[in-house]
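Below you'll find the structure, written out as structure tokens, and then a few comments.
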Amino acid sequence: MRVSQMFIPTLREVPAEAEIASHKLMLRAGLMRKLASGIYSFLPLGYRVFRKIEQIVREEMDRAGAQELIMSALLPAEVYQASGRWEVFGPEMFRLKDRNGRDFCLGPTHEEIFTELVRNETRSYRSLPMTLYQIQTKYRDERRPRFGVMRSREFVMKDAYSFDRDEAGLDISYKKMHDAYCRAFDRCSLDYIVVDADTGAMGGSGSQEFMVKSEIGEAVIAFCEACGYAANDEKAQCIPDNECSSKECVAGRELPLEKVATPDVKTIEDLTEFFKCSPKEFAKTLIYQADNRVVAAMVRGDRELNETKLQNYLGCIELAMADAETVSGVTGAAVGFAGPVGLKVEIIVDPEVAGMKNFVIGANETGYHLKNVNIGRDFKASAVIDLRKITEGDKCPKCGAPVKVARGIEVGHIFKLGTKYSKALGCVYLDEAGKENPMVMGCYGIGINRTMAAVIEQNNDENGIIWPMSVAPYHVIIVPVNTTEPAQMEIAEKIYRDLQAAGIEVMLDDRNERPGVKFKDADLIGIPIRITVGKKAGEGIVEYKQRQAAGVADMSIEEALVRAKNEVLEALGR
RNA sequence: CGGGAUGUAGCGCAGUUUGGCUAGCGCGCUUGCUUCGGGAGCAAGAGGUCGCAGGUUCGAAUCCUGUUAUCCCGACCA
């Protein structure tokens, strides 16, 4: 298309609202504009990219045997009430009423709707397995929309749902989706990692996330370069490190319990200062409010508690640090002096703490700590389970090598749901013997908008976006340096026609702008190949430039045409 | 939801402390001339109820009260 006729409102300066590279560039390159917090309009160039990503995902879903359909974003309350999620979603769900006062919502996710559809229409084992999907808009009234399209209130998700007879069937359907996701993200040229994930409130027997490594990612992932283990930090299993630094511990003798006055010594930093020793010789006692009960959780002084692990163990819906009033009610001391000795609540202990001897804890008395505490002798643990957060250098739970920790953007998530929804909603099939069984389900999501932002996060430089060919809004841009030179325009027009005839998506920058402006815009919007028609046009020479490469090359028109066609077709795998 | 910050032209900002404004600057936009290989030069223009509402005052972008929107950190999040 001719740039003079296109709606590409590029910006020279970065709007103040944008912080991260992808958000800034999506605004500057004229891909989108904000309508409200977490709500964006995609402009022509941005929408082309959006549709290409969508199409890649669609092709890979179809190739994996999934069938596309489309559902409404406007959903009646009943279907969520049946599964109990009308309440669970809380204020995150956009709710509205129709003219008769009936409750509706804008769908935040569609498990229930798919399950209900299949329940109503499918009865026989002969129809299974089956995987259905849609690429459709979701609405979530996020507490804090962030980073442009990275966490927005309206977004497009590809959501797929598999229905199988049994776990073995689910394993196969799940694997197919896993492989399809890999192909889709590969085609988007994303550098991603597949990590084990916590199933959380979704329940089910297994889950993996597709993470694009990025510093601005909201998730933390641990991975092992030695054996390939990778997990979300909520899920990552920790191997206790019971290397002890104190002599008493090495000797293995239990020393007599001592109460030490520690006025104003509250934090771990204060304690290491006061006792002149390593934080590894303390244990933190954290008081939590879990639904209606109060529990204590202990991790070593230098560790952080992993709330997901605690929550999974407790099986509670709500988990939060107890407020100061609750803490003093339980411990009889101000915050900062909690300890397990004499505590009347459930005490859950990390294996590292369980392996410690003669350590220091709060005395449950304001201004005092206990020294030479020993588990078993001085207090009893209700349970010993892995409770801590993994850190860089921890032993890999699979092979023992030191793990690395990085941040990631979650672009895809696959779940083995099992029978949670099928049982709740009565989604059953009849087997050969005529017996009713719940279908075994999986669900699979890809955030299209977020994937687009992730591609930009990984493919940009100080001049702008560097689109991979597969998702670039156009493949080639032709830049005649001076549109008032008929020789240049003639050649530019010829290249334009030839490439279009070859099925290449091409832009012709026919604006009567100075060359600097056109080069800057071409770089900013990130078109993979640029063909510049300049002074040497008269000799039949043009300049060829790849967006991701530094150099330029002069060549004949014919050569440039051949090269552009080859590069585009090769990159697209045609 | 807790903490912090900010709303002045399409974008970026100054002016607010100490009220005097008929509100400026850069970019972009329009017109003309010149220019044409990395965001051109000259000239002439268009564009703003200073987020909104109320109050104080002779006078409010500026002070007070309320409200709303946006962004950041945290908490939270299928």
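Chain A is the first sequence line, chain B the second, and so forth, proteins listed ahead of strands; every chain is numbered from 1. Because the structure is predicted, anything quoted here is derived from the model rather than measured.
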Problem set entry | A:Asp291 atom CG: more than 12 heavy-atom contacts under 6.0 Å | yes
Exercise. Do A:Thr308 and A:Leu310 come close enough that some side-chain heavy atom pair is under 4.5 Å?
Worked result: no
For this session: Determine the Euclidean distance between corresponding C1' atoms of B:G20 and B:C76; express it in Å to zero decimal places.
Result: 50 Å
For this session: Starting at atom NZ of A:Lys520, determine the distance to atom C1' of B:G28, rounded to an integer number of angstrom.
Result: 16 Å
Exercise. Checking only heavy atoms, does the side chain of A:Glu13 share a donor-acceptor pair with the base of B:G26 at less than 3.5 Å?
Worked result: yes
Exercise. On a whole-Å scale, what distance lies between the C1' atoms belonging to B:U6 and B:C21?
Worked result: 23 Å
Exercise. Between B:U70 and B:C52, how far is it from one P atom to the other, in whole Å?
Worked result: 16 Å
For this session: Can you label the angle between the A:Phe210 ring and the A:His178 ring as parallel, tilted or perpendicular, going by 30° and 60°?
Result: tilted
Exercise. On a plain distance test, is the side chain of A:Arg144 in donor-acceptor contact with the base of B:G3 below 3.5 Å?
Worked result: no
Problem set entry | Separation of atom CG in A:Leu319 from atom P in B:C77, rounded to whole Å | 9 Å
For this session: Would you classify A:Phe155 as touching base, sugar-phosphate or nothing, given that sugar-phosphate means primed atoms plus P, OP1 and OP2, and contacts are heavy atoms under 4.0 Å?
Result: base
Seminar exercise, completed: The correct set of residues in residues 20-35 of chain A placing a heavy atom under 4.0 Å from RNA chain B is A:Arg28, A:Lys34
Problem set entry | Interatomic distance where CE belongs to A:Met157 and C1' belongs to B:C77 [whole Å] | 14 Å
For this session: To the nearest Å, give me how far apart CG (A:Leu11) and C1' (B:C29) are.
Result: 13 Å
Exercise. What nucleic acid atoms does A:Val479 come within less than 4.0 Å of, heavy atoms only: base, sugar-phosphate, or nothing?
Worked result: nothing
For this session: Under 4.0 Å between any heavy atoms, over every strand shown, what does A:Glu209 touch: base, sugar-phosphate, or nothing? Just pick one.
Result: nothing
Exercise. A:Ala16 has a side chain; which of B:C13, B:C11, B:C36 sits nearest to it?
Worked result: B:C13
Exercise. Can you list the steps and then say if A:Lys309 with A:Asp198 is a salt bridge (charged side-chain N to carboxylate O under 4.0 Å, His left out)?
Worked result: CA-CA 9 Å; A:Lys309 289 177 181 174; A:Asp198 187 72; over 6 Å; no
Problem set entry | B:C64 versus B:G19 - spacing of their C1' atoms, nearest Å | 13 Å
Exercise. Aromatic ring centroids of A:Tyr47 and A:Phe42 under 6.0 Å?
Worked result: no
For this session: Taking atom C1' in both B:U22 and B:U18, compute the distance separating them and give it to the nearest angstrom.
Result: 22 Å
Seminar exercise, completed: Rounded to whole Å, CG of A:Asn482 lies from P of B:A40 at a distance of 14 Å
Exercise. For B:U70, what is the paired nucleotide under Watson-Crick or G-U wobble rules, both distances under 3.5 Å?
Worked result: B:A5
Exercise. Is there side-chain contact between A:Leu75 and A:His110, with at least one heavy-atom pair below 4.5 Å?
Worked result: yes
Seminar exercise, completed: By the Watson-Crick or G-U definition, both distances under 3.5 Å, B:A43 is matched with B:U31
Exercise. Looking across every strand, which nucleic acid part, if any, lies under 4.0 Å from A:Glu19 by heavy atom: base, sugar-phosphate, or nothing?
Worked result: sugar-phosphate
Exercise. From the list B:C71, B:C36, B:G39, which nucleotide is the closest neighbour of the side chain of A:Arg12?
Worked result: B:G39
Problem set entry | B:C77 OP1/OP2 closer than 4.0 Å to side-chain N/O of A:Arg143 | no
Exercise. Which word best sums up how the rings of A:Phe94 and A:Tyr139 line up, parallel for under 30°, tilted for 30 to 60°, or perpendicular for over 60°?
Worked result: perpendicular
Problem set entry | Rounded distance in Å between the C1' positions of B:A46 and B:G54 | 34 Å
Exercise. Considering Watson-Crick and G-U wobble pairs with both distances under 3.5 Å, what does B:C76 pair with?
Worked result: none
Problem set entry | P spacing across the pair B:C25 / B:G45, given as an integer number of angstrom | 13 Å
Problem set entry | Length of the CD1-P vector between A:Ile477 and B:G38, whole Å | 17 Å
For this session: For A:Phe147, answer base if it contacts any base atom (sugar-phosphate contacts may also be present), sugar-phosphate if it contacts only those atoms, and nothing otherwise; contact means non-hydrogen atoms under 4.0 Å.
Result: sugar-phosphate
For this session: Could you check A:Arg146 against A:Gly445 and say which one's nearest nucleotide on RNA chain B is further toward the 5' end?
Result: A:Arg146
For this session: Taking only the side-chain nitrogens and oxygens of A:Ser37, find out if one of them lies under 4.0 Å from OP1 or OP2 of B:C71.
Result: yes
Problem set entry | Given B:G39, B:C71, B:U70, the nucleotide with the shortest approach to the side chain of A:Asp521 | B:G39
Exercise. Paired with B:G48 by Watson-Crick or G-U wobble geometry, both distances under 3.5 Å: which nucleotide is it?
Worked result: none
Exercise. Do the side chain of A:Glu513 and the base of B:G39 come within less than 3.5 angstrom through a donor-acceptor pair of N or O atoms?
Worked result: no
Exercise. Do A:Thr483 and A:Asp510 have a side chain donor and acceptor closer than 3.5 Å?
Worked result: no
Seminar exercise, completed: When both distances are under 3.5 Å in a Watson-Crick or G-U wobble arrangement, the nucleotide paired with B:C58 is B:G20
For this session: May I ask you to say what A:Ala320 touches in the nucleic acid, namely base, sugar-phosphate or nothing, with a heavy-atom cut-off under 4.0 Å?
Result: nothing
Problem set entry | Below 4.0 Å: OP1/OP2 of B:G39 and any side-chain N or O of A:Arg514 | no
Problem set entry | Flag, side chain of A:Arg530 to backbone of A:Asp523, donor-acceptor distance under 3.5 Å | no
For this session: Quick one: label A:Thr484 by what it contacts on the DNA or RNA (base, sugar-phosphate, nothing), any heavy atom closer than 4.0 Å.
Result: base
For this session: Look at all strands and tell whether A:Met93 reaches a base, only sugar-phosphate, or nothing, counting heavy atoms closer than 4.0 Å.
Result: nothing
Exercise. Looking at A:Glu215 and A:Arg407, what are the two nearest heavy atoms and their distance?
Worked result: O-CD, 3.2 Å
Problem set entry | Closest listed nucleotide, where the reference is the side chain of A:Glu17 and the choices are B:U70, B:C29, B:G39 | B:U70
Problem set entry | First of A:Arg151 and A:Thr10 reached from the 5' end of RNA chain B, by closest nucleotide | A:Thr10
Problem set entry | Spacing of the C1' atoms in B:U30 and B:U67 (rounded, Å) | 39 Å
For this session: Hey, can you tell me if A:Tyr181 and A:Tyr444 have their rings parallel, tilted or perpendicular (30° and 60° cut-offs)?
Result: perpendicular
